[in-house]
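Below is one structure; the comments refer to it alone.
Owing to the predicted nature of the structure, the values given are computational and were not obtained by experimental measurement.
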Amino acid sequence: MTATLEKPVATPEKPSLKHRLAERGLDRTLLLLVPALLFVVVLFVYPVLYGLQLSFQPTEGGGPFANYAKFFSDSYLFDTIWITLRLALPAALINVLASVPIAYRMRGRVRGKRFLTTAFVLPITLGTVLTAEGLIRYLDPTGWFNKVLSLFGADEPASLVHNYTGVLLSLIISGFPFAFLLTLSYLSGIDPTLEQAAATLGADWRKRFRHITLPLLAPGLAITFCLTFVLAFSVFPSAYLVGLPQGETRVMSIAAYEAAFRDLDYPLGSAIAMLMALVMLVVIGLVLVWRSTLYRGATGGKG
């Protein structure tokens with residue numbers, strides 16, 4: 001009688017943690033994101049949450065929403081919303097519209113392209129304070145611009161600073177470089193063979209731009225508008241230096257600054273800052289909703 005030896009059944013090894021994470025699309029390299037996440041939490045999330053909870057702690061009592069009720073009931077504070085929008089929306093729109101023809105012309109081979117690009121981007125290095133000081137020097141009633149006008153027989157100097165016009169010009173000068181660079185990058189990503197194909201079918205440059213380039217560029221222009229709008233909406237130095245901070249250019253940032261650091265009412269200042277963020281999110285949300293209705297396919301280019 002012979003005895004049969006049974007082979008022991010091997011139990012499958014449990015996959016390591018590394019393999020289990022890899023199956024879920026996770027990798028050790030994602031740990032490199034931890035410092036960036038901590039940076040965002042410490043410098044963005046925490047201040048926002050702290051300011052939000054501080055806005056519900058009014059110094060004069062009256063319930064958690066007293067600061068917001070005070071803002072909407074005080075016309076001097078509430079009007080800052082419309083003043084800020086009246087500056088930010090036109091500035092962002094002008095910057096986007098002005099950047100399109102210039103970037104459209106410069107996306108190809110242009111003589112002196114590097115010099116022109118540097119000249120358009122140069123205002124970024126100046127900052128809002130130097131830009132405002134330059135506007136005061138040139139556009140003040142005793143500045144060079146009005147001196148030139150007087151040579152042509154102007155009776156009175158043009159009022160271009162310390163008012164709405166001065167702040168709008170400052171926002172356009174400081175915001176145009178961002179709009180130009182973004183628009184140029186979006187245009188560079190559109191496949192030029194699309195326009196070449198339309199040209200072979202007899203379409204002139206106007207039809208090519210209207211029916212090919214503009215539909216492909218419009219989603220990028222929406223993002224450009226959002227970024228330039230946020231930059232203009234948070235205007236502060238220009239509204240003080242070349243505007244009328246207690247009048248027609250008393251924007252929301254000035255109201256928040258005065259409430260917090262002049263009146264030492266930090267909860268009210270935080271409430272105004274939260275409302276600033278809310279207004280910006282509403283405008284950006286409307287633009288992104290409109291953007292979702294536009295063409296979202298591939299452009300076939302390098303962008």
Side-chain angles (χ1 to χ4, degrees), residues 75-103 119-183 221 224-258 262 272 275-276 279-280 282-284 287:
S75 60
Y76 191 54
L77 290 174
F78 180 70
D79 289 345
T80 58
I81 294 179
W82 312 117
I83 293 173
T84 311
L85 288 174
R86 200 164 65 94
L87 282 167
L89 289 174
L93 187 61
I94 292 172
N95 282 329
V96 172
L97 293 179
S99 66
V100 172
I102 299 175
F120 288 137
V121 178
L122 186 62
I124 295 179
T125 63
L126 300 178
T128 55
V129 176
L130 286 178
T131 301
E133 290 183 353
L135 285 175
I136 293 174
R137 293 285 185 180
Y138 283 98
L139 302 180
D140 192 77
T142 59
W144 292 5
F145 181 79
N146 280 297
K147 288 181 179 179
V148 173
L149 289 182
S150 65
L151 296 177
F152 290 93
D155 297 330
E156 296 182 358
S159 179
L160 298 175
V161 290
H162 304 303
N163 52 21
Y164 171 87
T165 305
V167 180
L168 182 62
L169 289 175
S170 177
L171 293 177
I172 293 173
I173 293 173
S174 60
F176 175 78
F178 295 98
F180 168 72
L181 291 176
L182 288 171
T183 304
L221 291 181
T224 303
F225 177 86
C226 290
L227 294 176
T228 52
F229 168 77
V230 170
L231 181 67
F233 193 85
S234 58
V235 56
F236 183 84
S238 300
Y240 250 112
L241 296 174
V242 293
L244 195 63
Q246 301 306 323
E248 59 180 334
T249 64
R250 188 172 187 266
V251 293
M252 296 186 73
S253 58
I254 292 179
Y257 172 81
E258 291 178 348
R262 186 193 65 183
I272 298 174
L275 290 172
M276 283 184 63
V279 174
M280 282 191 290
V282 169
V283 174
I284 292 173
V287 174

Closest contact, heavy atoms only, [X] versus [Y]:
X	Y	result
A98	P101	O-CD, 3.5 Å
V279	L85	CG1-CD2, 4.0 Å
T228	A92	OG1-CB, 3.6 Å
T131	S170	CG2-OG, 4.2 Å
P141	P157	O-CB, 3.8 Å
S238	T128	OG-CB, 4.2 Å

(message) side chain to side chain contact (heavy atoms under 4.5 Å, CB included), that's the test. Do N146 and L149 meet it? Break it down for me.
(response) CA-CA 5 Å; N146 280 297; L149 289 182; 3.9 Å; yes
Partners passing side chain to side chain donor-acceptor pair (under 3.5 Å) against [X] (at least two apart in sequence or in another chain):
X	result
S99	T183
D140	T142
N163	S159

(message) Please evaluate residues L89 and V283 with respect to the criterion side chain to side chain contact (heavy atoms under 4.5 Å, CB included), reporting the C-alpha separation (whole Å), side-chain torsions for both, the decisive distance (0.1 Å), and the verdict.
(response) CA-CA 9 Å; L89 289 174; V283 174; 4.2 Å; yes
(request) Using a 4.5 Å cut-off on heavy atoms from C-beta on, say whether the side chain of I284 contacts that of V230. (result) yes
(message) Does any part of the side chain of L77, heavy atoms only, come nearer than 4.5 Å to the side chain of I272, both counted from C-beta?
(response)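 I272 reaches L77 side chain to side chain.
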(request) Determine which pairs satisfy salt bridge (charged side-chain N to carboxylate O under 4.0 Å, His left out) with at least one residue from residues 246-258, sequence neighbours left out, and list them in order. (result)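 As it turns out, the salt bridge (charged side-chain N to carboxylate O under 4.0 Å, His left out) pairs with a partner in residues 246-258, which skip direct neighbours, are R250-E258, E258-R262.
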(message) Could you check whether atom OH of Y164 has more than 12 heavy atoms from other residues, nucleotides or ligands sitting under 6.0 Å from it?
(response) yes
(message) Looking at Q246, I want to see if its CD is surrounded by more than 12 non-hydrogen atoms of other residues, nucleotides or ligands under 6.0 Å.
(response)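 Buried by this count: over 12 neighbours within 6.0 Å.
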(request) Applying ring-ring contact (aromatic ring centres under 6.0 Å, His included), name anything that partners Y240, two or more places apart in sequence or on another chain. (result) F236
(request) Kindly write out the residues that satisfy ring-ring contact (aromatic ring centres under 6.0 Å, His included) with F229, not counting sequence neighbours, or none if the list is empty. (result)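 Partners of F229 under the ring-ring contact (aromatic ring centres under 6.0 Å, His included) test: F233.
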Nearest 0.5 Å, what's the [atom1]-[atom2] distance between [X] and [Y]?
X	Y	atom1	atom2	value
R86	I81	CZ	CD1	14.5 Å
L227	L181	CG	CG	12.0 Å
L221	L93	CG	CG	10.5 Å
T80	L275	OG1	CG	8.5 Å
T84	D79	OG1	CG	10.5 Å

(request) Let me see the working for L139 and V242 under side chain to side chain contact (heavy atoms under 4.5 Å, CB included), right down to the final yes or no. (result) CA-CA 10 Å; L139 302 180; V242 293; over 6 Å; no
(request) Please step through side chain to side chain contact (heavy atoms under 4.5 Å, CB included) for the pair L135 and I173, ending with a clear verdict. (result) CA-CA 10 Å; L135 285 175; I173 293 173; 3.9 Å; yes
(message) With a 3.5 Å distance limit and no angle check, can you tell me whether T249 reaches the backbone of L244 through a side-chain donor-acceptor pair?
(response) yes
(request) Mark yes or no for whether S150, through its side chain, and K147, through its backbone, hold a donor-acceptor pair below 3.5 Å. (result)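 Answer holds: yes.
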